[in-house]
Amino acid sequence: MRSDTVTKGKQQAPHRSLMNALGLTKEEMDRPLVGIVSSYNEIVPGHMNLDKIVDAVKQGVAMAGGTPIVFPAIAVCDGIAMGHIGMKYSLVTRDLIADSTEAMALAHQFDALVMVPNCDKNVPGLLMAAARINVPTIFVSGGPMLAGRVQGKKTSLSSMFEAVGANAAGTLSDEELLEFENKTCPTCGSCSGMYTANSMNCLTEVLGMGLGGNGTIPAVYSERIRLAKHAGMKVMELWEKNIRPRDIMTEDAILNALTVDMALGCSTNSMLHLPAIAHEIGMDFEIDFANGISEKTPNLCHLAPAGPTYMEDLNEAGGVYAVMNELNKKNLLHTDCMTVTGKTVGENIENAVNLNPEVIRPIDNPYSETGGLAVLKGNLAPDGSVVKRSAVVAEMLVHEGPARVFDCEEDAIDAIKGGKIVAGDVVVIRYEGPKGGPGMREMLNPTSAIAGMGLGSSVALITDGRFSGASRGASIGHVSPEAAVGGPIALIEEGDIIKIDIPNLKLEAAVSEEELAKRRESFTAREPKVTTGYLARYAAMVTSGNRGAILEIPKN
């Protein structure tokens, strides 16, 4: 056992004495030590129930003969961090989580791990850590929130942000806004639409790192507790068989995740996190993979914000396995990939049934023949940009309009809410990328303001920042190279005509190469917005969005 390094032999007597101080018995030290990474805290709604999940995991591990030992991981609530300096600290926590988990797991020589995340950065951060550490590992999330209900209709967090925009536009009263505030988020759990947290928890199932139901069983269901106990028991089986994350998270598994991503219509943030996870297993992930997979992968689900269904509906319809089984009818998945169940993908999904064709469209009746995400390129984004195609209304799939240029999110929000943005405009928000932000803030406030002001079918938004999974509309993010490194988005001027052609995967500025070259000659790099602390170190090491905003040591 790996833990023999700290539990066996005379040289380890000091180590055992410290474990005695923990109250561990000799019998416990003789068993495999299973680290349980708990993302529990009292500020993130998706994490407030994780203490119960962790307790259930501990019971499962102990029942199966292991010694469970808990240590923490941090978490940021993107919703609470939205629209202010806090959002600079969201994406950057992904790497803090991966690094700190690596440090804890290897410093204490755990034999196996159970990861208990839920929200946006914890899931990919812990998947990255699992690949690095590579001891038998399983994931069990805290589960999604139930949808809210306002005036007889189901709602989610995106509804709440859009209600603020509608109130600013005068189409929603203060009393109605308060009703949204009090009823939109009714339970603990990750927010109830196909936002980033739920996208990544579902994709964890697809990658093979979580048991069936990991992504969809609601947080408040007792079934979630039973799932956690089974995860605790299952990790001991993984340890006995020495099935490790790199046996599971292979290149084929990553491509499976990207395929199901297209079918589910996941958050555009998956196009940051899948490349980062792939990087940890040594896979060179080009975001262009998305277009090739999208061409042959139908979009089967329109969960909020793309449509009127929610995670609880997907769960009742058969969950992620039912979606995968639909895709497998056209042989779109690599079914021989190993998973934490001890079985292959094909074995896991062979008996899955689509119980609601209104929630999960059958493979021969999709919402569209192409997938939910698209990567656009052109002279404005030579290294790529990402749009959630399934959440774009038909009339905005092709759009042309004048650029309204803003060098930060706050200025754009002021202009939108101040009535300065009109139908046909293309809002450009730059210097919000991984380096320029720093931290690549999500733009849920401006996209929600556009929707709330009634401009969702006539105004586009492009940015070198990123979007919340709750964003909808012609919202194009991850524009690379970003403005802070001199990308073409930094050269756009007020009034330039921007051409968006999502079906043909194009994002262009109607500006000649000669004019762009002239502008580049007079371009000067901006001073960093932050020069001290973690954000400054992050900005010095982070790559552009097209590479997943991974960290690399700068070359001299």
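- Taking the side chain as every heavy atom from C-beta outward, Leu507 and Ile476 approach each other to under 4.5 Å.
- Without hydrogens or angle criteria, Asn167 side chain to Leu172 main chain gives a donor-acceptor distance under 3.5 Å.
- Nearest approach of Ala130 to Met209, heavy atoms of both residues: CB-CE, 4.4 Å.
- Glu409 has no carboxylate O lying under 4.0 Å from a charged side-chain N of Arg430, or vice versa, which leaves the two without a salt bridge.
- Side-chain N or O atoms of Lys529 include one that pairs as donor or acceptor with a backbone N or O of Tyr431 at under 3.5 Å.
- Formation of a donor-acceptor pair under 3.5 Å by the Asn354 side chain with backbone atoms of Asn356 is found in this model.
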Exercise for the section: Evaluate the side-chain contact (heavy atoms from CB on, under 4.5 Å) criterion for residues Ile53 and Leu50: first the C-alpha distance (whole Å), next the side-chain angles of each, then the deciding distance (0.1 Å), finally the verdict. Expected result: CA-CA 5 Å; Ile53 302 296; Leu50 295 190; 4.1 Å; yes
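- Residues Arg389 and Ser294 bring a donor and an acceptor atom of their side chains to less than 3.5 Å of each other.
- Checking side-chain atoms of Ser385 against main-chain N and O of Ala381 turns up no donor-acceptor pair under 3.5 Å.
- There is no side-chain donor-acceptor pair under 3.5 Å between Asn269 and Asp120.
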Problem - side-chain hydrogen bond (donor to acceptor under 3.5 Å, both in side chains) between Glu205 and Asn214, intermediate numbers included - result: CA-CA 6 Å; Glu205 276 189 61; Asn214 177 73; 5.3 Å; no
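- The two residues Pro434 and Ala549 have their closest heavy-atom pair at CG-CB, 4.1 Å.
- Shortest non-hydrogen contact noted between Ser199 and Cys266 is OG-CB, 3.3 Å.
- No donor-acceptor pair closer than 3.5 Å links the side chain of Thr93 to the backbone N or O of Leu96.
- Donor-acceptor pairing under 3.5 Å is recorded for the side chains of Thr339 and Asn348.
- With respect to Arg472 and Glu162, a salt bridge is recorded, a charged nitrogen being found less than 4.0 Å from a carboxylate O.
- Looking at Lys183 and Arg149, their side chains never come closer than 4.5 Å, going by heavy atoms from C-beta outward.
- The two residues Gly142 and Asn49 make their nearest non-hydrogen contact at O-ND2, 3.1 Å.
- A side-chain contact (heavy atoms from CB on, under 4.5 Å) with Thr297 holds for exactly one of Leu327, Asp261, Val260, Leu333; it is Leu327.
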Exercise for the section: Go through the steps for Lys88 and Glu442 under the test salt bridge (Lys or Arg N to Asp or Glu O under 4.0 Å), then give the verdict. Expected result: CA-CA 9 Å; Lys88 293 180 184 291; Glu442 288 185 341; over 6 Å; no
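- Here the closest heavy-atom approach between residue Cys301 and residue Val323 is recorded as SG-CG2, 4.1 Å.
- Paired with Asn198 under the rule side-chain contact (heavy atoms from CB on, under 4.5 Å), one option of Pro144, Cys119, Ser267 passes, and it is Pro144.
- Proximity of the aromatic rings of His47 and Tyr40 is defined here by a centroid distance below 6.0 angstrom, and this criterion is not met.
- A salt bridge links Lys154 with Asp313: the distance from a Lys NZ or Arg NE/NH1/NH2 to an Asp or Glu carboxylate oxygen falls below 4.0 Å.
- Between the side chains of Ser468 and Arg441, not a single donor N or O lies within less than 3.5 Å of an accepting N or O.
- Taking each heavy atom of Gly439 and Leu91 in turn, the nearest pair found is O-CB, 3.6 Å.
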Exercise for the section: Using the side-chain contact (heavy atoms from CB on, under 4.5 Å) rule, take Leu264 and Cys202 through it: C-alpha gap first, then chi angles, then the decisive distance, then the call. Expected result: CA-CA 9 Å; Leu264 285 172; Cys202 288; 4.0 Å; yes
Handout entry: Derivation of the side-chain contact (heavy atoms from CB on, under 4.5 Å) call for Thr370 and Asn299
Key = CA-CA 6 Å; Thr370 53; Asn299 178 228; over 6 Å; no
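- Between the side chain of Thr447 and the backbone N or O of Leu444, at least one donor-acceptor pair lies under 3.5 Å.
- Formation of a donor-acceptor pair under 3.5 Å by the Glu400 side chain with backbone atoms of Ile498 is not found in this model.
- Within 6.0 Å of the NE2 atom in His399, the count of heavy atoms belonging to other residues, nucleotides or ligands exceeds 12.
- Using a 4.0 Å cut-off between charged side-chain N and carboxylate O, Lys121 and Asp78 make a salt bridge.
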Exercise for the section: In sequence, state the C-alpha distance, the side-chain angles, and the governing distance for Phe161 and Met82, and then conclude on side-chain contact (heavy atoms from CB on, under 4.5 Å). Expected result: CA-CA 10 Å; Phe161 276 88; Met82 193 71 63; 3.9 Å; yes
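- Applying the 6.0 Å contact sphere to NZ of Lys153 captures no more than 12 heavy atoms from other residues, nucleotides or ligands.
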